[in-house]
Number of protein chains: 2
Amino acid sequence: MVEKDIRRRTIHDVAQAAGVSISTASNALNGTGRTNAETRERVKRVAKEIGFRPNTLARGLLSKRSHAIGMLTNDTYGRLTLPMAAGVSEVLVDHGLSVFLCATNNDPRLARLHLEALLDRQVDGIIFTATRLDLKPPAELAKLAIPVVYAFAEGPPENISFFPDDAQGARLAVEHMKGLGRSRILHITGPEDYLAVRIRAKAYRESFGKDAEVLYGDWSEEWGHEAIDTVFSRPGEKPDAIFCGNDEIARGVIDALRDIDIAVPKDVAVVGFDNWEVISRQTRPPLTTVDMELKEIGRRAGLAILSLTKGETVPTGITRLSCRLVVRQSCGGQAG
Amino acid sequence: MVEKDIRRRTIHDVAQAAGVSISTASNALNGTGRTNAETRERVKRVAKEIGFRPNTLARGLLSKRSHAIGMLTNDTYGRLTLPMAAGVSEVLVDHGLSVFLCATNNDPRLARLHLEALLDRQVDGIIFTATRLDLKPPAELAKLAIPVVYAFAEGPPENISFFPDDAQGARLAVEHMKGLGRSRILHITGPEDYLAVRIRAKAYRESFGKDAEVLYGDWSEEWGHEAIDTVFSRPGEKPDAIFCGNDEIARGVIDALRDIDIAVPKDVAVVGFDNWEVISRQTRPPLTTVDMELKEIGRRAGLAILSLTKGETVPTGITRLSCRLVVRQSCGGQAG
DNA sequence: TCGTGATGATAAAAGGTTTTATCAGATTCC
DNA sequence: GGAATCTGATAAAACCTTTTATCATCACGA
């Protein structure tokens, strides 16, 4: 660790201390060129002793690889971005790559500014992330000379992107309820113009089959309330299970059901989507929900960038990563 | 913007295109040395035409300033970190500084790894952030040769840190309720071993005076429920206002009050703390709460680092930034 | 006409590392 | 024994900027 007022040690210092030339020192440390085993060991030992750590700037200048990548996000709130960023940096730190985080706040000017700064820094690649799937990434991204990976965001055709497997997640939820003997499953979800909403709804229909019914609204608890009020005040058979488009809606649903004295999970089972723990842990009863494994998405995006920067080819197209069902108590069954 | 397969333009290209030497080009672009006004303009024009952007690595190598800073956080969830990071980068991007985000996940090994990577990159400064105020930052930080600023985290003595003004925030809440005619205000809050909890409780006591009562618990909704059940089932006078330690507790409180048919805000006013919008916007009625202005904290931390890297001196010690009361409907009054 | 100063441009060094080409010395082969 | 081969090490170039020191050129005053 570098202490106050002590100049950083350079490879020059190592060479001098080991009584060897700069190039030999470099070769010894990196295992390149031809070096005598004995000198190699000596150089390495000396380097460790005096606490030499190579200057990444100088190294990057020559190799044209900065060993850093940029992460461009429009998420101000952090619910989606930070878990992904953690996954990205977790996977990259061991390979000596660091991550620049750039919050664009949905402002194109800011996005451009950050992008230029990243390029000036010679980043090895860029990961673009959006909170709304349908927000288009800046068009410049498609033309860059460096690899770009999209996480939770749709890139231009022929690019590499990672998404949660919304369809599989939805099936997970529906199958879980069916497995617990529920036969009248309703789907209350967000706005139909979200791609993810349409995918989940389609999977729900296919998995549940007959009598499928989807209610589109917005992402709020309020909409959950409203939907329940509507459904339970109209004539006809009532659902015995509800698959919600996200945890906020699920929370509204559970609260509304309690208000009209319908027991969860006894009378109606509820499943959410997101596993946003502030919500899903705090509903009464705690919510069984689908986790999108954001950290894993980040990890995979990081690995993809890593391969690309090494010049390896990565298959293009959308990769959808499995969701996981987190069983709590809103459906009864094993954990109920 | 750099297109595929096109080598980046260097200052060498600019010099050649402008028919001038490299040093003149540099001088003209940076306004250093002596240059004829006419040549200066020409060089600048040419540079813009061919899309020259200086290589930050090369620049940093010489100046020993990388124009990048590191942000070290132990927050995996992102609720606190990302707003701060957004503030930091917002303030720095205009000065050409970028931000490395390093999530340490509370793992000392990882923290060390990231720290070393940051130093190898010659970062100009480091911002350390913690979610729990009492988590100690790595000891190595205190010995670094580069400036360190603590945001939402307590550094070693004689260092620079930024916090929300918890006392002022608490007073804001209490005074608001008093101003609306409430006279029996109760404080339901988190664990007493959090410093922020003690500060807020103290300010509440001082501001409210007589009959102050603080109930310590944890940060959950459940605790809010439990506290209400206790208070309203015991004999004696009941509160007409409740100041909660965070929004989750407030939500539990509001739900519990509804369960026992006590009207909010008519019978009891409720104020939260955090302005965590997933919660505060969704309670019924929407929650009046104290916003800690995390983005502003980030901004200030960024500015402090900026000054320090320029060699300016910044007063050491803890700076507490004002909180803001967000008035919604859980207290009645103007917005009720 | 010759120094003096000012002006504007340039060559060269510096920053820390990697890499290519070169070199000296030892070893092998005919 | 001399040429060829191999080994281990090194000098120097390269990456791209900024900065320092140097160098022409011209105008001016003596």
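Each chain gets a letter, A, B and so on, in the order the sequences are listed, and its residues count up from 1.
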**Study point:** Nucleotide of dT17(D), dC15(D), dT19(C) approaching Leu61(A) most closely (side-chain heavy atoms)
**Key:** dC15(D)

Practice item. Could you work out which one of dA9(C), dG16(C), dT18(C) sits closest to the side chain of Leu62(A)? Key: dT18(C)

Check your understanding: Looking at Thr35(A), does any N or O in its side chain come under 4.0 Å of the phosphate oxygens OP1/OP2 on dG8(D)?
Key -> no

Practice item. Figure out the CD/C1' separation between Glu41(B) and dG8(C), and round it to whole Å. Key: 16 Å

**Study point:** Length of the CG-P vector between Leu57(B) and dA14(C), whole Å
**Key:** 21 Å

Exercise for review: Tell me which nucleotide among dC16(D), dT18(C), dT10(C) gets nearest to the side chain of Thr10(B).
Suggested key: dC16(D)

Exercise for review: Look at the side-chain N and O atoms of Lys64(B) and state whether any lies under 4.0 Å from the OP1 or OP2 oxygen of dG16(C).
Suggested key: yes

Point to revise | Arg9(B) CZ - dT17(D) C1' separation (whole Å) | key: 18 Å

Study note, to complete from the structure: Taken to the nearest 0.5 Å, the spacing of Arg65(B) CZ from Leu57(A) CG works out to 12.5 Å

Revision key, fill the gap. Correct closest heavy-atom pair for Ile11(A) and Ala25(A) would be CG1-CB, 4.0 Å

**Study point:** Under-4.0 Å side-chain N/O to phosphate OP1/OP2 contact, Thr24(A) with dT10(D)
**Key:** yes

Check your understanding: OP1 or OP2 of dA9(D) less than 4.0 angstrom from a side-chain nitrogen or oxygen of Thr39(A), does that happen here?
Key -> yes

Check your understanding: Quick one: is dA9(D) close enough that its OP1 or OP2 comes under 4.0 Å of any side-chain N or O from Ser23(A)?
Key -> no

Check your understanding: When the distance from CG of Asn36(B) to C1' of dC26(D) is rounded to whole Å, what number comes out?
Key -> 14 Å

Review point. Taking 4.0 angstrom as the limit, do Glu296(A) and Arg299(A) come out as a salt bridge?
Key: yes

Point to revise | Between Thr81(B) and Asp75(B), a side-chain donor and acceptor under 3.5 Å | key: yes

Practice item. Determine: side-chain N/O of Arg34(B) to OP1/OP2 of dT7(C), distance under 4.0 Å, yes or no. Key: no

Check your understanding: Looking for any heavy atom pair under 4.0 Å, which part of the strands does Asn27(A) touch: base, sugar-phosphate only, or nothing?
Key -> base

**Study point:** Spacing of Asn30(B) atom CG relative to dA9(C) atom P, expressed in whole Å
**Key:** 15 Å

Check your understanding: For Ser98(A) and Arg121(B), does a side-chain donor sit closer than 3.5 Å to a side-chain acceptor?
Key -> yes

Review point. In whole Å, what is the span from the CZ atom of Arg65(B) to the C1' atom of dT17(D)?
Key: 15 Å

Exercise for review: Using the closest heavy atom to pick a nucleotide of DNA chain D for each, name whichever of Ala58(B) or Gly33(B) lands nearer the 5' end.
Suggested key: Ala58(B)

Practice item. Starting from the 5' end of DNA chain C, give me the residue, Ser26(A) or Val20(B), whose nearest nucleotide shows up first. Key: Val20(B)

Check your understanding: If you round to the nearest 0.5 Å, how far is CG of Asp165(A) from OG1 of Thr319(A)?
Key -> 10.5 Å

Exercise for review: Measure from CD on Glu38(B) to C1' on dA9(C) and round the result to the nearest Å.
Suggested key: 13 Å

Practice item. Looking at every strand, decide which applies to Ile22(A) at a 4.0 Å heavy-atom threshold: base, sugar-phosphate, or nothing. Key: base

Practice item. Figure out the CZ/C1' separation between Arg53(A) and dG16(C), and round it to whole Å. Key: 15 Å

